[in-house]
*Asks:* 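First, the structure itself, so that you have it in front of you.
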There are 2 protein chains.
Amino acid sequence: MISRIEKMCALVKMKMTTQRRVIAEVISNAVDHPCAEEIYKRVNEIDKNISLATVYRTISIFESNHIIKKLEIGDGKSRYEANYSNTEHHHHLIDIDTGEIIEFIDEDIEKLKHDIAKKLGYVLIDHRLELYGKKINK
Amino acid sequence: MISRIEKMCALVKMKMTTQRRVIAEVISNAVDHPCAEEIYKRVNEIDKNISLATVYRTISIFESNHIIKKLEIGDGKSRYEANYSNTEHHHHLIDIDTGEIIEFIDEDIEKLKHDIAKKLGYVLIDHRLELYGKKINK
DNA sequence: ATAGATGCAAACATTTTGCGCCGAG
DNA sequence: CTCGGCGCAAAATGTTTGCATCTAT
């Protein structure tokens with residue numbers, strides 16, 4: 001089974017190695033937002049010979065090809081998620097007690113952001129919205 | 001002249017040392033978003049004996065007392081700005097060509113964010129919005 | 001065949017920490 | 001006086017890189 005990210009790599013004409021295929025698979029299957037070290041651990045459960053350096057290099061290439069997105073939630077490390085362009089643009093709510101990340105989509109924000117950038121004389125390329133909250137009744 | 005941040009330290013009953021006073025002054029006067037190293041350099045122009053470790057420790061205390069805010073614009077280092085609660089909540093537009101940071105305020109987003117958090121079962125504590133854009137006509 | 005990808009270990013950059021001394025309250 | 005803050009240097013953490021080797025195309 002070819003992972004979704006591997007298909008995106010093909011579109012960008014990336015040379016596909018065993019390592020990249022495994023890393024693509026791991027990130028495609030992730031339901032959370034793993035950091036480089038976590039990706040490395042999951043990759044190593046599939047193939048013990050893949051190095052952390054390769055994970056970093058591959059992540060970096062995926063990111064510059066917009067195949068994955070980096071998020072910085074303030075815990076010191078960069079975290080990543082697949083960037084499926086046909087999926088709606090979503091954002092993150094971070095539970096400040098548990099660190100849990102909840103994804104959400106909001107139409108109104110999608111509309112607003114372009115207007116704001118335009119008003120400032122910019123074309124919007126990307127954006128990031130993160131909410132930090134505490135669970136009600138806990 | 002007592003800096004604005006120093007006044008906030010007093011409210012939180014922080015022990016005020018020469019070092020903290022100078023660091024408070026530097027961050028209060030910053031019109032940009034300096035990282036720890038940059039704060040350290042500016043601090044040293046006023047007092048050569050203040051160490052980088054103290055800058056980090058002080059920043060950390062300021063941050064946990066909500067006196068300053070950390071921002072991560074994706075350049076690998078944490079950047080900081082004063083968090084004047086009586087100032088309107090603002091956000092950042094980052095020029096992806098120059099790295100320039102433009103601050104802006106948007107009323108509609110202020111309204112939206114609380115509704116979204118509530119809908120997800122959370123009380124909003126903080127949030128962060130960053131737009132990344134290219135200047136029009138350049 | 002060959003450009004580019006990999007593994008390893010060393011280098012880097014940023015941030016944190018242990019310890020003995022010092023200074024604010 | 002005393003507790004916490006300080007400077008220094010060392011360590012920890014996350015990430016990048018030089019080099020010799022290997023591999024997808």
Side-chain angles (χ1 to χ4, degrees), chain A residues 2 5-7 9-27 33-44 46-65 67-80 99, chain B residues 2 5-7 9-27 33-44 46-65 67-80 99:
Chain A
I2 296 172
I5 287 179
E6 190 179 336
K7 284 176 194 156
C9 292
L11 291 175
V12 188
K13 301 193 201 311
M14 268 183 66
K15 185 193 264 191
M16 283 314 284
T17 61
T18 313
Q19 291 86 338
R20 288 183 179 178
R21 238 181 287 275
V22 174
I23 295 167
E25 182 191 334
V26 163
I27 302 178
H33 306 78
C35 62
E37 193 74 36
E38 287 163 349
I39 294 169
Y40 172 64
K41 278 187 200 140
R42 295 175 201 181
V43 157
N44 265 307
I46 300 171
D47 185 337
K48 273 209 174 299
N49 300 311
I50 298 173
S51 74
L52 180 57
T54 296
V55 169
Y56 271 108
R57 280 190 273 235
T58 304
I59 282 173
S60 171
I61 293 165
F62 283 177
E63 202 201 346
S64 53
N65 284 311
I67 290 171
I68 64 174
K69 292 192 90 174
K70 188 199 287 190
L71 27 157
E72 294 177 54
I73 65 158
D75 65 350
K77 33 199 146 195
S78 296
R79 301 186 161 274
Y80 301 90
Chain B
I2 296 173
I5 287 179
E6 190 179 335
K7 284 177 195 155
C9 293
L11 291 175
V12 188
K13 301 194 201 310
M14 270 183 64
K15 186 192 261 190
M16 284 313 287
T17 61
T18 312
Q19 291 87 337
R20 289 182 178 178
R21 239 181 286 277
V22 174
I23 295 166
E25 181 190 335
V26 163
I27 302 178
H33 307 80
C35 62
E37 192 74 36
E38 288 163 349
I39 294 170
Y40 172 64
K41 277 186 200 141
R42 294 175 200 180
V43 157
N44 264 307
I46 300 171
D47 185 337
K48 273 209 173 300
N49 300 312
I50 298 173
S51 74
L52 181 56
T54 296
V55 170
Y56 271 107
R57 281 191 272 236
T58 304
I59 282 173
S60 171
I61 293 166
F62 283 177
E63 202 201 345
S64 53
N65 284 311
I67 290 172
I68 64 174
K69 292 192 88 174
K70 187 200 287 191
L71 29 156
E72 294 178 54
I73 65 158
D75 66 348
K77 33 198 147 196
S78 297
R79 301 187 161 272
Y80 301 89

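FYI, side chains are in, hydrogens and waters are out, and symmetry mates aren't considered; it's all heavy atoms of this structure. Order of the sequence lines fixes the chain letters, A, B, ..., with proteins taken first and strands second; residue numbering starts at 1 for each chain. Predicted model only: the values in this text are computed from it and were never measured.
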*Asks:* Nearest of C/dG25, C/dT17, D/dA24 to any side-chain atom of A/K15?
*Replies:* D/dA24
*Asks:* Taking only side-chain N and O atoms of B/T17, does any of them lie within less than 4.0 angstrom of OP1 or OP2 on D/dC6?
*Replies:* yes
*Asks:* Within this structure, what is the CD-to-P distance between A/E63 and D/dG14, rounded to whole angstrom?
*Replies:* 18 Å
*Asks:* What are the two closest non-hydrogen atoms of A/K77 and A/C35, and how far apart are they?
*Replies:* CD-SG, 3.8 Å
*Asks:* What nucleotide among D/dT15, D/dC6, C/dT15 has an atom nearest to a side-chain atom of A/A36?
*Replies:* D/dT15
*Asks:* What's the spacing between B/I67 CD1 and B/I61 CD1 if we round to 0.5 Å?
*Replies:* 9.5 Å
*Asks:* On a plain distance test, is the side chain of A/R57 in donor-acceptor contact with the base of C/dG7 below 3.5 Å?
*Replies:* yes
*Asks:* Which part of the nucleic acid, if any, lies within contact of B/S78, taking any heavy atom under 4.0 Å across all strands shown: a base, the sugar-phosphate backbone alone, or nothing?
*Replies:* sugar-phosphate
*Asks:* Do the side chains of B/I23 and B/T54 get nearer than 4.5 Å, heavy atoms only?
*Replies:* yes
*Asks:* Can you measure B/E38 atom CD to C/dT14 atom P for me and round it to whole angstrom units?
*Replies:* 10 Å
*Asks:* Measure from CD on A/E72 to P on C/dT15 and round the result to the nearest Å.
*Replies:* 11 Å
*Asks:* I'd like to check A/R20 versus A/C9 (side-chain heavy atoms, cut-off strictly below 4.5 Å). Are they in contact?
*Replies:* no
*Asks:* Over all strands shown, is B/R20 touching base, sugar-phosphate only, or nothing at heavy-atom distances under 4.0 angstrom?
*Replies:* sugar-phosphate
*Asks:* Relative to the 5' end of DNA chain C, which residue comes earlier, B/C35 or A/N49, by the nucleotide with the nearest heavy atom?
*Replies:* A/N49
*Asks:* Measure CD1/B/I50 against P/D/dG5 and give the value in whole Å, please.
*Replies:* 15 Å
*Asks:* Hey, does B/P34 have a side-chain heavy atom less than 4.5 Å from the side chain of B/R42?
*Replies:* yes
*Asks:* Counting C-beta onward and ignoring hydrogens, is there a side-chain heavy-atom pair between B/L52 and B/E37 closer than 4.5 Å?
*Replies:* yes
*Asks:* Looking at five pairs on each end of the helix from C/dA1-D/dT25 to C/dG25-D/dC1, what is the angle between the two axes, given to 10 degrees?
*Replies:* 40°
*Asks:* Between C/dT15 atom C1' and B/I59 atom CD1, what is the distance in whole Å?
*Replies:* 10 Å
*Asks:* What is the separation between atom NZ on B/K13 and atom P on D/dC3, rounded to the nearest whole Å?
*Replies:* 21 Å
*Asks:* OP1 or OP2 of D/dT16 sitting under 4.0 Å from any side-chain N/O of A/Y56?
*Replies:* no
*Asks:* Are side-chain heavy atoms of B/M14 and B/N65 found at a separation under 4.5 Å?
*Replies:* yes
*Asks:* For A/I50 versus A/Y40, what's the shortest heavy-atom pair and its separation?
*Replies:* O-CE1, 3.2 Å
*Asks:* Just N and O in the side chain of B/Q19: are any of them under 4.0 Å from OP1 or OP2 of C/dG23?
*Replies:* no
*Asks:* Tell me the interatomic distance from A/I61, atom CD1, to C/dA5, atom P, rounded to whole angstroms.
*Replies:* 6 Å
*Asks:* Quick check: on DNA chain C, is the nucleotide nearest B/M14 upstream (toward 5') of the one nearest B/G76, or the reverse? Name the residue that is more 5'.
*Replies:* B/G76
*Asks:* Among the nucleotides C/dG7, D/dC8, D/dG4, which one has an atom lying closest to any side-chain atom of B/S51?
*Replies:* D/dC8
*Asks:* D/dA9 C1' sits how many Å from B/L52 CG, rounded?
*Replies:* 12 Å
*Asks:* At 4.0 Å (heavy atoms only), tell me whether B/K77 reaches a base, stays on the sugar-phosphate, or touches nothing.
*Replies:* sugar-phosphate
